[in-house]
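Right, I'll just put the structure down here and ask away after.
So you know, we letter chains A, B, ... as the sequences are listed, proteins then strands, and number each from 1. None of the values given here were measured: they were computed from a predicted structure.
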Amino acid sequence: MKERIRDRVMLIRLAKMTAVIAVSLMLMTVTAYAYFSYNVISDANRIQAAMFEVDVLVQGQNENGQAVAVNPITDDNKAYTINAEVGVTYTVTVMPADNSTTKTGFVKITAADCEDVYHTQQVWVEAGEERPRAVTFQMTVSAPTVILLQARWGTSVFYARYRDEGVDGDYYVTQGETIALTVDVPTEMISTDTSRTEVTTTTDTSRTEVTTTTETTATTTEETTVQTTVVTETTPTTVTTEVDEDVLS
Amino acid sequence: MKPQKNKTLYKRIALILSLCSLIVWGVLGTGASLAWFADTDTEVNNIFHFADFSVSVAYQEADGTWADVDGATEIFDRNARYEPGYTQVVYLRVENSGDREFRFDTAVMVTGYTVATNVFGQSFSLQDHLRFGFVTAATEAEIKALVATRSSAQAIATTPLNRYYEGNQPEEELNVDGVRYVALVVYMPEDVGNIANYDGGLVPTVDLGIIVTANQIV
């Protein structure tokens, strides 16, 4: 019994000593790390993006030199659409909007059913030498289409080439230049005359027929009245002009 | 017999543990003694001399002067507006003003950002369209020469900011009284299109932390 108690006491003492050694080693290690390392931090830095928008002015002039009203449609200052007609020359002026915070930007010009893509030269929020604030150019279309003018930040030469470089791709538009947008139109719709399809639906004056049938039996006379409504409709007709195949080529 | 055996065992364990304690405290005592004996004072009374581990970090302001960096310092120009091709370079000067050599590195960390809407109506984060990088040199003239042009500065900034943890400046040693210059470049590549041109609503921003860490060479 006494031996057992002595053993237990001995074990407890040994455990205490081991714990003290372990804690001392840990403390020494922590103290050494804090002593040998140092940080300097600056965490009050904020980076912010710029924004680019444009104002667009469009004027149209037909072949007779008469002004044609053009009202670009826009959801915001970043994209404008113009319903363009054949025979009208559109003079477009593009400039940065007042709330633009970039230094520069340009406008990308595309049209429905047209493979040509144009990028204007740079326009600058703060004008200076060789840094125009606005660019004016002219456009014509080979068929009715919808032209999209989209404000883009960045550098247009990153995306476009001069047409006379002879390289396929997006083209560059400079001040005073005239661009002709070639619109791809499906062949069945092409004609020398203005093709037209007429669809007419007419409803003739509906007439109501009233029929009265009298049936007389031996004991009773019954009258039956039946009402019917008659409507006359004409079927749609399509008028097309014959096209000479040679004209298309 | 058994109790006698146990007694011997415990004696051995106790002896081993005592020896271990002696060794540990001996090491501690030796370290303290080393510090004690490094004193250079000629006085009879010994002075306990502590090692001096000191790092100074300064940044260059717009006028070319150097100012100390602390937690509230704005190193980047708050009026800068990032657009494709826009490149910003900030300069740091790290000095060993203590008497112990150390290794140091510089890192950036995105501590916050806003999610904005672009002209297409899509959400985007600005840090997905920025890149950063570090370069170091021994003198101010050398560091300026390394980032003298926009293209040379952009060539250094190769890490996307949204993976900032991959772009730490490699550790460098700095001797006592040594000075090292660090240039941090942040730019927006020119091929970033309207995907990051916001719609005029919430402004896209990134909050950036710059950390210089020095570890003593043991």
Side-chain angles (χ1 to χ4, degrees), chain A residues 1-4 6-11 13-18 20-22 24-25 27-28 31-53 75-79 97 99-105 108 125 150-155 157-159, chain B residues 3 6 10 13-14 17-18 20-21 24-25 28 51 53-55 57 59 69-76 78 80-86 88 100 102 109 111 116 119 126 130 186 188 190-194 196-200 203-216 218:
Chain A
M1 194 64 185
K2 272 188 182 173
E3 289 292 338
R4 274 195 200 155
R6 234 179 272 154
D7 289 344
R8 243 182 243 161
V9 169
M10 199 63 179
L11 276 171
R13 282 184 186 165
L14 287 172
K16 272 187 197 170
M17 208 173 352
T18 313
V20 166
I21 292 170
S24 303
L25 280 170
L27 285 172
M28 192 178 69
T31 307
Y33 179 76
Y35 185 77
F36 295 131
S37 184
Y38 192 74
N39 284 345
V40 175
I41 300 174
S42 159
D43 60 2
N45 304 287
R46 174 159 285 188
I47 290 177
Q48 191 169 325
M51 180 193 62
F52 182 67
E53 295 183 344
D75 292 330
D76 51 46
N77 283 359
K78 288 187 173 59
N99 58 345
S100 290
T101 51
T102 57
K103 284 188 166 42
T104 185
K108 181 179 177 181
V125 173
Q150 187 175 54
R152 295 199 64 166
W153 70 353
T155 313
V157 290
F158 193 77
Y159 301 95
Chain B
N6 281 343
Y10 291 142
I13 293 171
L17 283 173
S18 298
C20 286
S21 302
V24 165
W25 290 111
L28 286 173
F53 180 77
S54 178
V55 182
V57 180
Y59 76 104
V69 172
D70 59 31
T73 306
E74 286 185 46
I75 299 178
F76 281 84
R78 60 161 47 213
R81 296 290 180 266
Y82 280 70
E83 59 186 288
Y86 187 88
Q88 191 167 10
R100 289 288 180 269
F102 59 73
M109 189 164 65
T111 58
V119 298
L126 182 58
L130 297 174
V186 179
M188 179 180 285
E190 284 206 41
D191 60 359
V192 173
N194 266 5
N197 186 11
Y198 74 102
D199 64 353
V203 179
T205 59
V206 179
D207 294 328
L208 214 59
I210 302 170
I211 308 142
V212 177
T213 304
N215 295 305
Q216 183 171 350
V218 179

Legend entry - Atom pair CG (A/Leu11) and OH (B/Tyr10), whose distance is rounded to the nearest 0.5 Å: 4.0 Å
Inset, instruction - Please report the shortest heavy-atom distance between B/Trp25 and A/Ser24, naming the atom on each side. - result: CZ2-OG, 3.6 Å
Legend entry - Residue among A/Thr18, A/Asn39, A/Ile21 with most heavy-atom pairs under 4.5 Å to chain B: A/Asn39
Inset, instruction - Give the minimum heavy-atom separation between B/Gly193 and A/Arg152, together with the two atoms involved. - result: CA-NH2, 3.9 Å
Legend entry - A/Tyr38 side chain reached by B/Asn215 side chain, heavy atoms, under 4.5 Å: no
Inset, instruction - Side chain from CB out, backbone as N, CA, C, O: work out which of these in A/Leu14 comes under 4.5 Å of a heavy atom of chain B, or both, or neither. - result: both
Inset, instruction - Specify which of B/Val24, B/Val203, B/Thr73, B/Thr111 makes the most heavy-atom pairs with chain A at under 4.5 Å. - result: B/Thr73
Legend entry - Top contributor to chain B interface from A/Lys108, A/Arg13, A/Gln48 [non-hydrogen pairs under 4.5 Å]: A/Gln48
Legend entry - Heavy-atom contact with chain B under 4.5 Å, split by part of A/Thr155: side chain
Inset, instruction - Hey, could you give me the CZ/OG1 distance between A/Arg46 and B/Thr205, rounded to the nearest 0.5 Å? - result: 4.5 Å
Legend entry - Pairs of heavy atoms under 4.5 Å with chain A: top-ranked of B/Ala196, B/Gly209, B/Gly200: B/Ala196
Legend entry - Contact origin within B/Ile210 toward chain A - heavy atom pairs under 4.5 Å: both
Inset, instruction - Counting only heavy atoms closer than 4.5 Å, note whether B/Val55 contacts chain A via side chain, backbone, both or neither. - result: both
Legend entry - Heavy atoms of other groups near B/Arg81 CZ, more than 12 under 6.0 Å: yes
Legend entry - chain A interface, residue from B/Val186, B/Leu130, B/Asp191 that has the most non-hydrogen pairs under 4.5 Å: B/Asp191
Legend entry - From B/Cys20 atom SG to A/Met17 atom CE, the distance as rounded to the nearest 0.5 Å: 10.0 Å
Legend entry - Per-residue contact mode, B/Ala14 against chain A (heavy atom under 4.5 angstrom): both
Inset, instruction - First locate atom CD of A/Glu53, then atom CG of B/Asp199, and finally report the distance between them rounded to the nearest 0.5 Å. - result: 8.5 Å
Legend entry - Test item: A/Asn45 side-chain N/O and B/Asp207 main-chain N/O as donor-acceptor pair under 3.5 Å: no
Inset, instruction - Evaluate the criterion side chain to side chain contact (heavy atoms under 4.5 Å, CB included) for residue pair A/Met51 and B/Asn197; output intermediate values, then yes/no. - result: CA-CA 6 Å; A/Met51 180 193 62; B/Asn197 186 11; 3.8 Å; yes
Legend entry - Selection from A/Ala49, A/Gly154, A/Gly105 maximising heavy-atom pairs under 4.5 Å formed with chain B: A/Ala49
Legend entry - Beyond-backbone contact of B/Met188 with A/Trp153, side-chain heavy atoms, under 4.5 angstrom: yes
Inset, instruction - Please name all residues satisfying salt bridge (Lys or Arg N to Asp or Glu O under 4.0 Å) with B/Glu74, sequence neighbours left out, ordered by chain then number. - result: B/Arg78
Inset, instruction - Using a 4.5 Å cut-off on heavy atoms from C-beta on, say whether the side chain of A/Val40 contacts that of B/Ile211. - result: no
Inset, instruction - With a 4.5 angstrom heavy-atom cut-off, could you sort out which part of A/Lys103 is near chain B: side chain, backbone, both or neither? - result: both
Inset, instruction - Let me see the working for A/Thr104 and B/Glu83 under side chain to side chain contact (heavy atoms under 4.5 Å, CB included), right down to the final yes or no. - result: CA-CA 9 Å; A/Thr104 185; B/Glu83 59 186 288; 4.0 Å; yes
Inset, instruction - Kindly compute the distance separating OG1 (A/Thr102) from OH (B/Tyr82), expressed to the nearest 0.5 Å. - result: 15.5 Å
Legend entry - Worked check of side chain to side chain contact (heavy atoms under 4.5 Å, CB included) between A/Ile47 and B/Leu208: CA-CA 7 Å; A/Ile47 290 177; B/Leu208 214 59; 3.7 Å; yes
